[in-house]
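The chains referred to below are lettered A, B, ... by the order of the sequence lines, with proteins before strands, and numbering in each begins at 1.
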Protein chains: 2
Amino acid sequence: MSLRHALLGLLSQGPASGYDLLKTFDISLANVWPATQSQVYAELGRLASTGLVEVTSEGPRGRKEYAVTEAGRAELRRWLTETDPGPLARRSEMLLRVFFLGEVSHEQAGAYLRRQAELGEERIGKLAPLREMISAMDDGLSVYGRLALEWGMRFSAMQRDWALWAEQELERLPADRGCDRDCERKPESGACEEADRT
Amino acid sequence: MSLRHALLGLLSQGPASGYDLLKTFDISLANVWPATQSQVYAELGRLASTGLVEVTSEGPRGRKEYAVTEAGRAELRRWLTETDPGPLARRSEMLLRVFFLGEVSHEQAGAYLRRQAELGEERIGKLAPLREMISAMDDGLSVYGRLALEWGMRFSAMQRDWALWAEQELERLPADRGCDRDCERKPESGACEEADRT
DNA sequence: GGTGCCATGTAAATGGTTACATGATTGA
DNA sequence: TCAATCATGTAACCATTTACATGGCACC
């Protein structure tokens, strides 16, 4: 249940409404812990009813401003210091596909890996300009946001390098699988020898 | 809906029962796309009713052996070649915490990052022996499993290096946040200036 | 005859996504 | 007054997790 703690964390920077929080999610937490409107409002309600946050003021348009309580702050710290984060990257569709790359041709498998390298490269390009945006903000998140950003850059670079390596690896391999299942027009002859060992 | 494709992929290596598939999930796909018993049996039912797999034989103890159909194989290839994988690592509890590290002391923040570096190192240690296990198996997954394993090793190394770097970064920073909120035994006196917004 | 593994399933709860619904306020 | 934005909420659905339930078969 990390959404709960994400909200406590954001509110610990200062009071905010559900609407405000949603924007913060979109701006700074989007790549780390996305949340939808339904989720945020529902969880705020639950947090309020368990006393971890409270409504501090009601503005126009029914706006409710929440602030974290001492109990909430304590819970946030407990979460940060006394519990281990769950496994990172528990599921990866990208890697799942890798397992079944034997079902398509060598060319297609190579194309897939090249595409993953590209996506890594693109991600680096998209992340880079965020550096300045983060420095510009000066809420308490910016310092730590920079650390998270760096993680993203390193992750993307790792992804790119791995994919390029993997493509090389594939080429070094005999085409015993990958070709046999896929070529619709394959004759009996062993025409599948695309493996050139350099 | 990747579980569906994971099952199609596993069955494309040869027919198997739900029970067999579960074991394969535990052995080779555990770190990439874990699945529970409930999920597997339910999804097999759905796959069978849409004609992507079929029951090829019924053994003792009610065992049903499934095989992928031509339609299923086509769907698997379509998934592999014509769709892009969703974003990797959409949520990271580990990184979410990083955003809120300002709520605890510098020491605690440092300890957190050091722990993450440790976990990365440990993961490398756990993954290494898998290399041999994978070479030993000779189903079609082993070749591509090696690629996935390498991803895990690189990922873990990245995690470790990043965490060590981040810890260094923290130390270079003035302790303006991190102390003010955390001292439990703080007296009323304004030693810590916590109430900048009261 | 009993232990342990093979084998399948159902039910309830949690968490997340998408879509729907509504209304107040501000500023052009 | 009209459009955009602020602001909150509900309902339905899907995926995942955990727990429960059951029974056959093999081997000692």
(message) Going by ring pair (Phe, Tyr, Trp, His ring centres under 6.0 Å), name the pairs with one or both residues in residues 64-86 of chain A, residues two or more places apart or in two chains.
(response)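 Found A/His5-A/Trp79.
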
(message) Listing request: all salt bridge (Lys or Arg N to Asp or Glu O under 4.0 Å) pairs with a residue in residues 79-91 of chain A, at least two apart in sequence or in separate chains.
(response)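 Qualifying pairs: A/Asp84-B/Arg115.
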
What's the [atom1]-[atom2] distance between [X] and [N], to the nearest Å?
{"X": "B/Tyr19", "N": "C/dC6", "atom1": "OH", "atom2": "P", "answer": "4 Å"}
{"X": "A/Leu3", "N": "C/dG16", "atom1": "CG", "atom2": "P", "answer": "6 Å"}
{"X": "A/Phe25", "N": "C/dT17", "atom1": "CZ", "atom2": "C1'", "answer": "15 Å"}
{"X": "B/Leu21", "N": "C/dC6", "atom1": "CG", "atom2": "P", "answer": "15 Å"}
{"X": "A/Met1", "N": "C/dA13", "atom1": "CE", "atom2": "P", "answer": "15 Å"}
{"X": "B/Leu22", "N": "C/dA7", "atom1": "CG", "atom2": "P", "answer": "11 Å"}
{"X": "B/Gln39", "N": "C/dT10", "atom1": "CD", "atom2": "C1'", "answer": "15 Å"}

(message) Go nucleotide by nucleotide along DNA chain C from the 5' end; which of A/Ala35 and B/Arg63 gets its closest nucleotide reached first?
(response)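 Going by which nucleotide is closer to the 5' end, it is B/Arg63.
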
(request) Hey, could you give me each pair passing side-chain hydrogen bond (donor to acceptor under 3.5 Å, both in side chains) that has a residue in residues 25-35 of chain B? Not counting sequence neighbours. (result)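 Sorted pair list comes back empty.
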
(message) Test: side-chain hydrogen bond (donor to acceptor under 3.5 Å, both in side chains). Region: residues 14-24 of chain B. Which pairs qualify, not counting sequence neighbours?
(response)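 Counting only pairs at least two positions apart or across chains, the side-chain hydrogen bond (donor to acceptor under 3.5 Å, both in side chains) contacts touching residues 14-24 of chain B are B/Ser17-B/Asp20, B/Ser17-B/Arg63, B/Asp20-B/Arg63.
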
[atom1]/[X] to [atom2]/[Y] distance, rounded to the nearest 0.5 angstrom?
{"X": "A/Met94", "Y": "A/Leu113", "atom1": "CE", "atom2": "CG", "answer": "6.5 Å"}
{"X": "B/Leu3", "Y": "B/Glu43", "atom1": "CG", "atom2": "CD", "answer": "5.0 Å"}
{"X": "A/Leu80", "Y": "B/Ser105", "atom1": "CG", "atom2": "OG", "answer": "10.5 Å"}
{"X": "B/Arg146", "Y": "A/Glu169", "atom1": "CZ", "atom2": "CD", "answer": "5.0 Å"}
{"X": "B/Trp165", "Y": "B/Trp162", "atom1": "CH2", "atom2": "CH2", "answer": "8.0 Å"}

(request) For A/Arg160, enumerate each residue passing the salt bridge (Lys or Arg N to Asp or Glu O under 4.0 Å) test, keeping only those at least two apart in sequence or located in another chain. (result)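 A/Arg160 satisfies salt bridge (Lys or Arg N to Asp or Glu O under 4.0 Å) with A/Glu121 once adjacent residues are dropped.
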
(request) Output all residues satisfying salt bridge (Lys or Arg N to Asp or Glu O under 4.0 Å) with A/Asp161, sequence neighbours left out; order by chain, then residue number. (result)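 Partners of A/Asp161 under the salt bridge (Lys or Arg N to Asp or Glu O under 4.0 Å) test: none.
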
(request) For nucleotides 21-28 of chain C, just jot down a letter per nucleotide in 5' to 3' order: B, S or -, based on protein non-hydrogen atoms under 4.0 Å. (result) ---BB---

Regarding [X] and [Y], does a basic nitrogen lie under 4.0 Å from an acidic carboxylate oxygen?
{"X": "A/Glu118", "Y": "A/Arg114", "result": "no"}
{"X": "B/Glu150", "Y": "B/Arg154", "result": "yes"}
{"X": "A/Arg4", "Y": "A/Glu75", "result": "no"}

(request) Sort out for me which residue in A/Leu76, A/Thr69, A/Val53 forms a side chain to side chain contact (heavy atoms under 4.5 Å, CB included) with A/Leu11. (result)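 Running side chain to side chain contact (heavy atoms under 4.5 Å, CB included) over A/Leu76, A/Thr69, A/Val53 with A/Leu11 returns exactly one hit, A/Val53.
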
(message) Heavy atoms within less than 4.0 Å of DNA chain D: which residues of residues 88-97 of chain A have one? Give them sorted by number.
(response)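 Within this stretch, A/Arg90, A/Arg91 sit under 4.0 Å of the strand.
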
(request) Tell me, please, which residues at least two apart from B/Phe155 pass ring-ring contact (aromatic ring centres under 6.0 Å, His included). (result)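 A/Phe155, B/Trp151.
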
(request) Scan residues 41-49 of chain A against DNA chain C and write down, sorted by residue number, each residue with any heavy atom closer than 4.0 Å; if none is found, say none. (result)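 Within this stretch, nothing sits under 4.0 Å of the strand.
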
(request) Tell me the stems DNA chain D sits in, counting at least three consecutive Watson-Crick or G-U wobble pairs, each under 3.5 Å on both distances. (result)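 DNA chain D stems, ordered by first number: C:1-28 with D:1-28.
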
(request) For DNA chain D, note the earliest and the latest nucleotide, 5' to 3', having some atom under 4.0 Å of a heavy atom belonging to chain A. (result)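 Range of nucleotides touched by chain A: D/dT5 to D/dT17.
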
(request) Report yes or no: is there a donor-acceptor pair, N or O only, under 3.5 Å between the side chain of A/Ser38 and the base of C/dT18? (result)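 Result: at least one qualifying N/O pair found.
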
